[in-house]
Each structure stands twice: as structure tokens, then as C-alpha cells.
Enquirer: 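Sharing a structure here in C-alpha cells format.
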Amino acid sequence: MKDCRTPSYTVDADVKVNGHAFTNNSDDSNGSILHGSSTNIVWHKSSVEKIDRQELLQQKGCVIWITGLSGSGKSTVACALTRALHARGKMTYILDGDNVRHGLNRDLTFKAEDRAENIRRIGEIAKLFADAGVICIASVISPYRKDRDTCRSILPDGDFVEVFMDIPLCTCEARDPKGLYKLARAGKIKGFTGIDDPYEAPLNPEIVLQQGEVCPPPEAMAEKVISYLEAKGYLHA
Amino acid sequence: MFSLKTSGEVNSNGGGISSSDESNGSICHEISTKGRRSMNIVWHKCSVEKIDRQELLQQKGCVIWITGLSGSGKSTLACSLTRALHSRGKLTYVLDGDNLRHGLNSDLTFKAEDRAENIRRIGEVAKLFSDSGVICIASVISPYRKDRDACRSILPDGDFIEVFMDMPLHVCEARDPKGLYKLARAGKIEGFTGVDDPYEPPLNSEIIIQMEGEVCSSPEVMAEKVISYLDAKGYLQA
């Protein structure tokens, strides 16, 4: 009979989770400790890795970061993109600023530091989804370049696909889908992006979606993104 | 002039959105466009919903919340569960406390309020994964009942599956896979769960993993217990 006081197996601090080695610092390192290392032996093979999930899904995980003014069409393009990718059998998930501000980020206000934290957390979650093999679409104004670039920096090269909804303020304001520009102009909202808070356009987005004389339909905009993903190999394992 | 208009009711992931994402600045969250619905026309169909993703993946999203003392085997079970589910063609993702504390939760300390926040955030992220159709495995000590129950409460009934690694402290301490019990006993760690901070076991977990007498089951056997539960509850099919 086995004596569990001397365990029948040992677990090394290098047990891999999702394909990543985890350190012995924090989850179980509750309290204030030194970051030491273990001398235990890995006895079992590593877990399922990102490449295995990608093989299962027949796609590569990435983050499509749709940025732009309120009313520029971010959510609309996100939805069209999701539909088109789903029709191709691809697994996607949208991180919409609203969803996240009602759940994970419900503790955050609209003060400047909380806005940065909002974006930081969305970036970190998007990274997890991409690691899971999902094509994660973040749809959030994210007006400050620094915050978007920080999100880019935490992802592997190429996996952060910035899509700039380059639609003029006058067009967005004329749409005003949620009546917010009107409130902002009336002074009932302070610090509203585009009115009395800046929007810093991306300098090097992977994709720019613009209108000409006529605004293209969302499906056409989605196809532009899909062509990019296809060309870069994200639509197969 | 415009070839499209969007309503404030455009749904992402099948859920309704309210006006707060783009409601930047200091405003009332109660402001919605519902009263303005008649002014905008939704011209396109709702986007892909959870049920569509589940059809694509041939599974139902849920959260498997593995809780227990340090060294009780949570990560080991999470890994073997992932392997077994992957071999059945199911998509899973493990939210390990470590991964999260190096990324999303890198701003949190080990003070009591931050520990609660750590668990809250992990719960919220797990909820997103579950909504996406993924079988999300959270592997985190989560010693306080209140915090675990708060995570349960944000998920649809049945989708939070609590797995209690019911291993005696002396077994966990004998394993001491990261040398932390030794440090805690030497007083070099304060507030270490099981030594000088409480672990509140679940009262009604869906699954309990225990030793059988003196013997620990292998991780594969433990994983199969969880998989049988998932199968019986219909999570392994659309």
C-alpha cells in the first residue's frame, strides 16, 4: 500500500500550464516570500500547448484591436468580422468595452488612470484568448497611443493586429448612435473623446478602414481584415 | 448621407451592450439609447452567439474551479484534465494563479483585499472564456468561501463546477512541491494558507477529489472523475 506521506509522485515547479512553465512565485506563494526555486523532478509530460489548440481549431490565435472614435463603427465591424469568420468555421470572441466594464472592469471609473487600467486589463485578457487559440476581437475606443502600444508589447510579434477605424469626427457625430456626442456638446459629459478629450490616431496600424465618398458596408470592411488574416496565416493551423 | 446606422443595441457575443463603453467621461451609467431605438434602425442581424460557438466547438462552455491547499494537486489535475479533454477534441484553457499574477493581476499584492480581487478577476475572466464556449479550468487556492461563491454567482446555473482537492494538510506539506511550507514553518512566509491563514473548504462542491485511504489516485483517474461529470451534464457536446 502506498504511503502518501512520501508521495508517489512529485511535481516540479516547471509543470507547464497551457504550454507555459509557471514559476513557483505567486499563485501558491501567498504571503510575502522569497522567490525560490524547486529541486523536484518533472515526472509527467507537459500539458496541451498553444500549438495543439491551434491544430484543434485550425487557426492561429491573435488579437484584432479595433480602435476609433465613438460611433466610428467598431462594434459593427467586430460583429461583421465575427459573423464572417464563424461562417468560415473560425472561433472568435469579442471583448467589447461595455461587456468588460460591466464585469471584470466594473470597479473602474472614467478617471484617466482607470481608463489606462481598463485598456491594460482588456489587453491582458485578449492575450489569454489569443494564447487559447481564439481570434480575439477587442472593440474599444482606446484613445491613447501609449496604452494601445502597451497592449501590443505583451503579445508575440504579429499577433496584435491594430485596426484603425479612420472615420471623421463629423461622420461619427452625425451618427451619434448612443446620443453621447449630443450630451457631450451640451456639457453633460466631461472628457468625451473627440470633443474635450483627445483621440491619438495609430501611427502604424496593420489595417486602416476608411470611408471614401460612401462608407463601405461592414461586410466589406470585415473582408479587408479577413484578407489580412488569411495572408498572414491566421486562418489555418 | 450614411449607408449604415448602428443602434445602441448592437449585440456583441449575443449579449446586449449598454452605453458605457463609449460613455467615457463622467456620466450616468443609466443613460441608454433604448428610448432612442426608434430613431436608429438595426439593419444587420445579431452577431454570433454562445450557442453558435458551442455548435462550432461541439461542447458547452463552463468553468471548472479547482480549489485546495498548496500542494494538493490542483495544477497537476488541471494539466491531466486538459490533456484528456484535448484528446477528446475539446477546447480548454487553464487559468492558473501564477499566469494571472504575472499578467492581468500583476498589480495585486498578497494583502487580504488584493487576494479577494485576484479571485474576483479570475472569476470574471473565466466567465468570459465560458461564454466563448471554452471549458475553462481555474486552478487557484482560493481559500475563502465567500470569494469562490461570488465567482459562482456570476455564472449561469450549472456552469460553475467546483472541484475540491480534499487532501490532508500533512500530505500537501510532505509534497511541498515549491518548498513553501518549509519557508512558512520557518516563519519566512506570513499568512500562508494552511499554516497561518485559513482554508475554508467548500460546503457543496460538485466534485470532491480525495485520497482512498492511504492512496492517492493518479491524476488521470482524477481527471476521469471530472470528465464523467462533464459528460453526464452535457458539457462535452453542443
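Computed from a predicted model, the values in this text were never measured in an experiment. Lettering follows sequence order; numbering is per chain, from 1.
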Enquirer: Looking at residues at least two apart in the chain, or sitting in another chain, which of them share a ring-ring contact (aromatic ring centres under 6.0 Å, His included) with Tyr93(A)?
Expert: Phe129(A)
Enquirer: Enter the distance from Thr82(A):OG1 to Glu49(B):CD here, rounded to the nearest 0.5 Å.
Expert: 11.5 Å
Enquirer: Please identify, among Leu85(B), Asp107(B), Thr109(B), Leu95(B), the residue contributing the most non-hydrogen atom pairs under 4.5 Å to chain A.
Expert: Asp107(B)
Enquirer: Between Val100(A), Thr92(A), Asp107(A), which shows the greatest number of heavy-atom pairs under 4.5 Å with chain B?
Expert: Asp107(A)
Enquirer: Do the non-hydrogen side-chain atoms of Leu85(A) and Val48(B) ever get within less than 4.5 Å of each other?
Expert: no
Enquirer: Tell me, for Leu57(B) versus chain A, whether the close heavy atoms (under 4.5 Å) come from the side chain, the backbone, both or neither.
Expert: side chain
Enquirer: For Phe129(B) and Leu128(A), what are the C-alpha separation, side-chain angles and deciding distance, and is it a side-chain contact (heavy atoms from CB on, under 4.5 Å)?
Expert: CA-CA 9 Å; Phe129(B) 271 99; Leu128(A) 294 173; 3.9 Å; yes
Enquirer: Heavy-atom cut-off 4.5 Å, strictly under: side chain, backbone, both or neither for Leu100(B) against chain A?
Expert: side chain
Enquirer: Rounded to the nearest 0.5 Å, what separation is found between the NE2 atom of His102(A) and the CD atom of Glu124(B)?
Expert: 11.5 Å
Enquirer: Indicate yes or no: at least one non-hydrogen side-chain atom of Val134(B) is less than 4.5 angstrom from one of Met91(A).
Expert: yes
Enquirer: List the residues meeting side-chain contact (heavy atoms from CB on, under 4.5 Å) with Cys172(B), not counting sequence neighbours, and say none if there are none.
Expert: Leu69(B), Ser72(B), Met167(B), Tyr181(B)
Enquirer: Is the shortest side-chain heavy-atom distance between Arg120(B) and Arg106(A) below 4.5 Å?
Expert: yes
Enquirer: Given a strict heavy-atom distance threshold of 4.5 Å, which part of Thr92(B) is in contact with chain A: side chain, backbone, both, or neither?
Expert: backbone
Enquirer: In terms of heavy-atom proximity below 4.5 Å to chain A, should Lys90(B) be classed as side chain, backbone, both, or neither?
Expert: backbone
Enquirer: Going from CD on Glu49(A) to OG1 on Thr82(B), what distance comes out if it is rounded to the nearest 0.5 angstrom?
Expert: 12.0 Å
Enquirer: For Asp131(B), is it the side chain, the backbone, both, or neither that has a heavy atom closer than 4.5 Å to a heavy atom of chain A?
Expert: both
Enquirer: By a 4.5 Å heavy-atom criterion (distance strictly below it), what part of Glu173(B) contacts chain A: side chain, backbone, both, or neither?
Expert: neither
Enquirer: To the nearest 0.5 Å, how far apart are CG in Leu56(A) and CZ in Arg88(B)?
Expert: 13.5 Å
Enquirer: Lys90(A) versus chain B, heavy atoms under 4.5 Å apart: side chain, backbone, both or neither?
Expert: backbone
Enquirer: Side chain, backbone, both or neither: which part of Asp52(A) has a non-hydrogen atom closer than 4.5 Å to chain B?
Expert: both
Enquirer: Which atoms form the tightest heavy-atom contact between Arg53(A) and His86(B), and what is the distance?
Expert: N-CE1, 4.1 Å
Enquirer: Atom CD of residue position Glu212(B) - does it have more than 12 heavy atoms of other residues, nucleotides or ligands inside 6.0 Å?
Expert: no
